[in-house]
Amino acid sequence: MQNNIRNSKPQEVVRLMLVDDHKLFRCGIKSLFENSKGVYVVAEASNGKDGIAKIIAQNPDVVLLDLELGDINGLDLIEKVMAQKPNVKFIILTSHINEHVINKAMKMGIYGYILKDINSEFLDMIVKSVSNGAMWIDKKVVQILRELNPNVIPNTQISRSNFKSTHANLTAREYEVLKLVVDGMSNQQIAQELNISEHTSKAHVCNIIQKLVVDDRTQAAVKAIREGIV
């Protein structure tokens, strides 16, 4: 009966798979997405070999995986799966930052490289955005990519005056909020950081999304990083 329920999930729901050798961490992530309206965890694996088999069998839209899987490296898993399932989108979720690994992962065509201290609310939006073809890279990783690929990712940020001329309708407060959105803060955390109400924080985020002409806060953060705003 449970399998029938899974197969009856609407087409627009993002089919997500988790690959991590820590059971407690997998349980936490799975619990998070149980409350999501647009993401459904179709399978999970505790090691690379099992992960490869289940990804090929389940054909998820997005795979969220750690780099250290016990038996094989996460990058090896991605390489093996992409040879058979090139449409699967991979997001690396790790606690490690390594220049060689980051550069190799980007060349392989991953859609996300994020750190495990990310806000849970933000993770939900990242998975949804990646399923639609967006890319999300942690801002700490972006800096490394800029250093490794200076001709591809500009190393200088645009000035505040240039930012105003490009997005003249964004207020100074909204700019502050945008920087905190890029940091992965929730509306509640932004409110605490700026000493404003959560309602006001949410209103600022909504205004930013509208003014930057994007669909959600994740896309706003991605646009801010791509254009060197923050």
Side-chain angles (χ1 to χ4, degrees), residues 1-138 141 218:
M1 180 64 70
Q2 188 174 4
N3 288 335
N4 291 334
I5 292 175
R6 288 185 177 182
N7 292 335
S8 66
K9 281 287 177 180
Q11 199 72 21
E12 64 270 20
V13 171
V14 180
R15 302 177 72 256
L16 175 69
M17 180 169 166
L18 311 176
V19 185
D20 195 293
D21 61 349
H22 289 89
K23 183 176 181 180
L24 185 60
F25 188 78
R26 290 199 317 275
C27 288
I29 296 296
K30 188 174 181 179
S31 176
L32 162 67
F33 288 110
E34 284 177 353
N35 298 319
S36 174
K37 295 181 180 179
V39 180
Y40 183 70
V41 178
V42 294
E44 56 182 293
S46 60
N47 58 66
K49 184 178 179 180
D50 189 34
I52 293 171
K54 287 183 176 178
I55 294 170
I56 293 173
Q58 294 287 342
N59 195 31
D61 302 310
V62 179
V63 175
L64 194 62
L65 81 159
D66 194 3
L67 286 171
E68 303 298 328
L69 301 175
D71 54 348
I72 65 173
N73 184 278
L75 294 184
D76 293 333
L77 179 150
I78 294 173
E79 187 175 28
K80 292 178 184 298
V81 171
M82 290 186 74
Q84 300 184 57
K85 297 285 184 178
N87 293 327
V88 175
K89 298 178 175 66
F90 286 94
I91 301 175
I92 291 175
L93 180 61
T94 181
S95 56
H96 303 291
I97 299 179
N98 178 284
E99 292 184 5
H100 172 72
V101 171
I102 292 170
N103 213 29
K104 184 176 180 180
M106 296 303 296
K107 290 179 179 178
M108 291 174 69
I110 65 164
Y111 278 77
Y113 196 112
I114 53 183
L115 303 181
K116 286 189 174 181
D117 60 356
I118 190 168
N119 178 275
S120 59
E121 177 188 354
F122 215 48
L123 181 59
D124 180 69
M125 289 185 288
I126 290 172
V127 169
K128 291 173 183 175
S129 295
V130 163
S131 72
N132 290 322
M135 177 181 285
W136 175 259
I137 307 297
D138 188 279
V141 177
T218 301

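Values below: every heavy atom of this structure, side chains too, minus hydrogens, waters and symmetry copies.
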Nearest 0.5 angstrom please: Lys104 NZ to Glu99 CD, how far? 16.0 Å

How long is the gap from OG1 on Thr94 to CG on Leu115, to the nearest 0.5 Å? 7.0 Å

Any luck finding a side-chain donor-acceptor pair between Asp124 and Ser36 under 3.5 Å? yes

Among all residues two or more places apart in sequence or in another chain, which pass the salt bridge (charged side-chain N to carboxylate O under 4.0 Å, His left out) test with Lys116? Asp20, Asp66

Using every non-hydrogen atom in the two residues, find where Val42 and Pro60 come nearest and quote the distance to one decimal. CG2-CB, 4.2 Å

Give me the one residue out of Leu64, Asp50, Leu65 that meets side chain to side chain contact (heavy atoms under 4.5 Å, CB included) with Val19. Leu65

Considering only heavy atoms from C-beta outward, does the side chain of Met108 approach that of Leu75 to under 4.5 Å? yes

Got a sec, which residues hit side-chain hydrogen bond (donor to acceptor under 3.5 Å, both in side chains) with Lys80, two or more places apart in sequence or on another chain? none

Shortest non-hydrogen contact from Asp21 to Gly70? OD2-N, 3.9 Å

Could you go through Trp136 and Ile91, starting from their C-alpha distance and side-chain angles, then the distance that decides it, and tell me whether this counts as side-chain contact (heavy atoms from CB on, under 4.5 Å)? CA-CA 8 Å; Trp136 175 259; Ile91 301 175; over 6 Å; no

What I'd like to find out is whether the side chain of Asp138 reaches to under 4.5 Å of the side chain of Ile97, using heavy atoms alone. no

Quick check: do Leu77 and Phe90 have side-chain heavy atoms less than 4.5 Å from each other? yes

Shortest non-hydrogen pair, Ser131 vs Val14, comes out as OG-CG2, 3.2 Å

Looking at every heavy atom in both Glu68 and Asn73, which two are closest together, and how far apart are they? OE2-ND2, 4.3 Å

Is it true that a side-chain atom of Asp61 and a backbone atom of Arg15 form a donor plus acceptor pair closer than 3.5 Å? yes

Where the side chain of Ser129 meets the backbone of Ile126, is there a donor-acceptor pair that is under 3.5 Å apart? no

Nearest heavy atoms of Lys54 and Ala45, plus distance in Å: CD-CB, 4.4 Å

Is there a side-chain contact (heavy atoms from CB on, under 4.5 Å) between Leu16 and Val62 once you walk through the steps? CA-CA 5 Å; Leu16 175 69; Val62 179; 3.9 Å; yes

Taking the side chain as everything from C-beta on, heavy atoms only, tell me whether Tyr113 gets closer than 4.5 Å to Val101. yes

Dump the intermediate steps for side-chain contact (heavy atoms from CB on, under 4.5 Å) on Leu123 and Ile29, then the final yes or no. CA-CA 9 Å; Leu123 181 59; Ile29 296 296; 3.8 Å; yes

Any side-chain heavy-atom pair from Ile72 and Ile52 closer than 4.5 angstrom? yes

How close do Asn59 and Lys85 get, counting heavy atoms only, and between which atoms? OD1-CD, 3.5 Å

Are the side chains of Thr218 and Lys128 in touch, meaning some heavy atoms are under 4.5 Å apart? no

Could you list all the salt bridge (Lys or Arg N to Asp or Glu O under 4.0 Å) pairs where at least one residue sits in residues 34-49, not counting sequence neighbours? Arg26-Glu44, Lys30-Glu44

